[in-house]
Amino acid sequence: MIDLVVCADRIRTMADADTGVTAVAVRSGRIAALGTRDDVATWRGSSTRVIDLGSATVTPGLVDAHIHPVNGAELTRGVGLLGLDLDGVRRALADRAATLAPDAWVLGWGLDPNVAPGRGLTSADIDDAVGGRPALLRLFDAHSALASTTALRIAGVDGPRVFDQKSEVVCDADGRPTGFLLEAAAIALVDGHVPTATDDEVADHVHDALAAMARVGITGAHAMEHVARASGVYQRIEADRDLPIRLRCSPWAQPGTDEDDWAALAALQGTGGRRWHVGGVKLFIDGTVDNGTAWLTEPDSHGECTSAYWPDPAAYARAIAWFDAHGVPTATHAIGDEGVRHVLRALSATGRQVRHRIEHIETIPDDLVAEFGRLPVTASMQPTHCTEYVAADHSDNWSTRLGPVRASRGWRVRDLRQAGVRVALGSDWPIADVDPRGILAAAQLRRRGGAPDRTPIGPEQAISARMALEGYTTHAAWSVGEDDVAGTLEVGKRADLTAFAVDPLVAPADELVDAPIMLTVVEGAVSHQAERVGAGA
């Protein structure tokens, strides 16, 4: 019995041939048949649901290749500071503080380092605004944070610390902490004293965030995390409802771990629930350019970005080799050119038993583009990190640190595609907005969609509409070894569908950003349906 039939004037299967397909039949969560509206009568049974989307366009379900669902829910507690200048940040913090008890924590996220051009942010920038309260503000890249003086005192942070990873309690010339904390281990010193949200609160936030993703056409995502409470959060959600989208979760392998730790991560592979499972591991070879913690071949303009996140980069290579030999796919955060180079070398030395990925890849020279092309390694990239956080005139912090030559090598999506590299696309939510329409547009325009007055950034790296859609479908599926069950609409594959009001392969990118998402289907179940869509019983 056919459970669901979806019809539309255009169905882009993303397979070799999709000419004339206008109807998809679904049985038990899989695609049972592809045909035309004329076939519906022969497919239809007494309980078949038929949804005719008229002039809409159906594509394979969109998959965001890089999000942080549980971590993101925790990171986005408090005041949203994205897009605010320093005065705006202070006003927002003061407004929040006025609603809190004198000893309550003020939390914020999305702080942009560009609000303090030419210098680093310090506790003095926020102490008055929060009225002497403890405060912890996450920067937009989630790799650094700013703590108030009271927060540092509560956490007992009164000087520099030594870590097993590239982290730092930034201190002044006299050894006093400035309030700026670089990377996870340093942030954890203060974050460990912040009152934690309950599991129910986090579960509700995660569910709401994933439901919002379904409303913009996302059917699945690669969660580049699996924090300690993640399994419990997903289980709480699935105890009385479904996850709105499917998740593939990759726990972190950190510096200082050994084979026993890696074996524990390997043992998690495949565990999960109805719509989530653990798959692969996530590693970091460097941090971010904005914080001076990326790994560059030559120092940045501040004399920073000179070393790896792993104090012993050879230990990272041993971890990669171990995971590959044990059949565990890896995804490595690598932003700087030297970081990418080291990851490619480590991967080339493995037997490549499974598929591996490199995340972000913000600046690389020609030789690394060519090296990518010689390996079956996926580049996982986020176009809006370029279009939203970098200025065309190179006046931003990222460009200033790199200088014009390296900044001109930013986000080389087209060059990688032309070298034969598969490029999966995503958002890195909550670092950037998750809406795939904006990301598809930015990949084609090299600027924000719907803003033609903006100057494109590296317009020579713009890709075609088809390449962009492949980043959310065929390339995303291949990157995690799911191309046999996902990425295209073919009989036997999972029935994950996204329906646009316009054709994403034809519509101008500036129009795509506001085009309604008519329908989202996850394994045959409707997770979002726009109002006024015709449906039959």
Side-chain angles (χ1 to χ4, degrees), residues 63-75 142-143 165 184 206 209-210 213 218 220-235 243 245-255 257 261-273 275-287 309-310 316 319-335 339 343 346-347 350 352-361 377-382 422 424-431 434 472 475-483 485-486:
V63 173
D64 188 310
H66 193 126
I67 69 167
H68 299 274
V70 177
N71 224 356
E74 295 174 334
L75 288 174
H143 282 256
Q165 56 187 250
V206 170
L210 299 181
M213 295 179 195
I218 294 173
H222 303 155
M224 290 292 114
E225 60 162 63
H226 195 61
V227 296
R229 70 195 308 184
S231 292
V233 165
Y234 299 144
Q235 288 165 359
L243 289 173
I245 68 173
R246 181 182 297 100
L247 295 174
R248 178 186 186 273
C249 310
S250 297
W252 292 359
Q254 294 277 36
T257 54
D261 301 303
W262 305 339
L265 295 178
L268 289 175
Q269 302 300 301
T271 60
R275 285 189 177 173
W276 68 276
H277 74 278
V278 175
V281 296
K282 167 83 176 292
L283 303 93
F284 296 77
I285 197 59
D286 65 358
Y309 181 72
W310 288 60
Y316 162 84
I320 287 290
W322 190 94
F323 285 121
D324 182 79
H326 289 79
V328 179
T330 67
T332 300
H333 168 120
I335 279 177
V343 177
L347 291 173
T350 69
R352 295 190 287 282
Q353 302 299 311
V354 287
R355 293 174 187 172
H356 301 280
R357 294 182 7 175
I358 304 180
E359 312 296 309
H360 307 309
I361 315 155
V377 177
T378 300
S380 170
M381 303 180 75
Q382 299 78 41
R422 290 177 176 86
L425 298 181
S427 63
D428 199 12
W429 184 86
I431 307 308
V434 77
Y472 269 91
H475 288 210
W478 191 92
S479 75
V480 293
E482 293 187 352
D483 46 312
V485 295

Q: Say whether, by atom type as modelled, one donor and one acceptor occur between the side chain of R275 and the main chain of L243 under 3.5 angstrom.
A: yes
Q | S231 versus W276, closest heavy-atom pair with distance | A | OG-CH2, 3.6 Å
Q | side-chain contact (heavy atoms from CB on, under 4.5 Å) between I431 and Q382, intermediate numbers included | A | CA-CA 10 Å; I431 307 308; Q382 299 78 41; over 6 Å; no
(Q) Restricting to non-hydrogen atoms, name the atom on D324 and the atom on R352 that form the minimum distance, rounded to 0.1 Å. (A) OD2-N, 3.0 Å
(Q) For Y309 and Q254: C-alpha separation, side-chain torsions, deciding distance, then whether side-chain contact (heavy atoms from CB on, under 4.5 Å) applies. (A) CA-CA 9 Å; Y309 181 72; Q254 294 277 36; 3.2 Å; yes
Q: For residues G270 and H277, report the shortest heavy-atom separation together with the two atoms involved.
A: O-CB, 4.4 Å
Q: Report yes if the side chains of W262 and V328 come closer than 4.5 Å at any heavy-atom pair, otherwise no.
A: no
Q | Check: H333 ring centroid to W252 ring centroid under 6.0 Å | A | no
Q. For the side chain of E225 and the backbone of C249, is there at least one donor-acceptor N/O pair under 3.5 Å apart?
A. no
Q. Is there a donor-acceptor pair closer than 3.5 Å between any side-chain N or O of R357 and the backbone N or O of A65?
A. yes
Q.
One pair to check against side-chain contact (heavy atoms from CB on, under 4.5 Å): F323 and L265. What are the steps and the verdict?
A. CA-CA 9 Å; F323 285 121; L265 295 178; 4.1 Å; yes
Q: State plainly whether the residues R422 and D483 are in salt-bridge range, i.e. N to O under 4.0 Å.
A: no
**Q.** Nearest-0.5 Å distance, CD1 of residue I285 to OG1 of residue T332
**A.** 7.5 Å
Q) Should W429 and D64 be marked as a side-chain contact (heavy atoms from CB on, under 4.5 Å) after you check the CA-CA gap, both sets of side-chain angles, and the distance that decides it? A) CA-CA 9 Å; W429 184 86; D64 188 310; 5.6 Å; no
**Q.** Shortest non-hydrogen contact from V278 toward P251
**A.** CG1-CD, 3.7 Å
Q | For the student: nearest non-hydrogen atoms of V206 and P69, plus distance | A | CG2-O, 3.6 Å
Q) Salt bridge check: are K282 and E359 linked by an N-O gap of less than 4.0 Å? A) no
Q.
Using modelled atom types and a 3.5 Å cut-off, is there a donor and acceptor pairing between side-chain atoms of S250 and backbone atoms of G279?
A. yes
Q) Which heavy-atom pair separates D286 from A334 by the least distance, and what is that distance? A) OD1-CA, 3.5 Å
